[in-house]
Amino acid sequence: MIWNLFRWPKDQPKRDRQAEPRGKPKGERTLLCAVSGESFRNEDGQSRQELIELLQIGEPVELRPEPDNPRDPDAIAVMTDVGKVGYVPSKADWVWQVMDEGRIKSARIAKITGGTGSKGHRGVVLEITLAGRTSGTSKL
């Protein structure tokens, strides 16, 4: 009798799972990464904090390597339509790895922190979507 509770009713067709893909494509991953250096000014004097005020959640960003950066030749700038808002932190070396492999499908603003009350300093969190791996690549 209990078995009948878990059986599919005969008068209802089972769903065709092939017809309705769910979630992300196989192997695709989305990772979060906080931006660093957002409290500094850009080379042209622009305040990154003022630029962050203009950003919207979901806005795309470009991750642009800066090999001529005098402080860090491995620096990756976070560029938006309004300008540079900071850098990928150096401890997030996995970003270089997936960039070299050509696996970054997209990068966008996932969250803007602070800017209210006693937390006047604003921060940015990125959402980076990676394509699935091909054989012989890293574990990310």
### Message
Please report the interatomic distance CG(Asp72) to CD(Glu66), rounded to the nearest 0.5 Å.
### Response
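Rounded to the nearest 0.5 Å, the CG-CD separation comes out at 9.5 Å.
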### Query
Roughly how far, to the nearest 0.5 Å, is the CZ atom of Arg41 from the CG atom of Leu51?
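Reported value, rounded in 0.5 Å steps: 9.5 Å.
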Would the distance check show the side chain of [X] and the main-chain N or O of [Y] forming a donor-acceptor pair, the cut-off being under 3.5 Å?
| X | Y | result |
| --- | --- | --- |
| Thr80 | Val61 | no |
| Arg103 | Ala131 | yes |
| Asn42 | Asp44 | no |
| Glu50 | Ser47 | no |
| Ser36 | Tyr87 | yes |

### Query
Is there a chain of hydrophobic side chains (I, L, V, M, F, W, Y, each step under 4.5 Å between heavy atoms) that links Met99 to Val78?
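Met99 clusters together with Val78.
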### Joint hydrophobic cluster, Ile104 plus Ile109, side-chain heavy atoms closer than 4.5 Å
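The answer is yes; both residues are in one hydrophobic cluster.
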Please report the shortest heavy-atom distance between [X] and [Y], naming the atom on each side.
| X | Y | result |
| --- | --- | --- |
| Arg48 | Gly37 | NH1-O, 2.6 Å |
| Leu32 | Trp94 | O-CZ2, 4.3 Å |
| Thr30 | Glu127 | CG2-CG, 3.0 Å |
| Ser39 | His121 | CB-CE1, 3.2 Å |

### Message
For Val95 and Asp93: C-alpha separation, side-chain torsions, deciding distance, then whether side chain to side chain contact (heavy atoms under 4.5 Å, CB included) applies.
### Response
CA-CA 5 Å; Val95 176; Asp93 55 355; over 6 Å; no
#### Entry: Single hit among Val125, Ile52, Leu126, Thr113 for side-chain contact (heavy atoms from CB on, under 4.5 Å) with Val35
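One option only clears the test, and that one is Leu126.
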### Query
When Cys33 is tested against each of Ile76, Val124, Leu63, Val88 for side-chain contact (heavy atoms from CB on, under 4.5 Å), which residue passes?
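Passing option: Val88.
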Ion pair check, [X] and [Y], cut-off under 4.0 Å:
| X | Y | result |
| --- | --- | --- |
| Glu43 | Lys84 | yes |
| Glu28 | Lys105 | yes |
| Glu38 | Arg122 | no |

### Message
If you define the side chain from C-beta out and look only at heavy atoms, does anything of Asp74 sit under 4.5 Å from Ser90?
### Response
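In short, these two side chains do not touch, never coming nearer than 4.5 Å.
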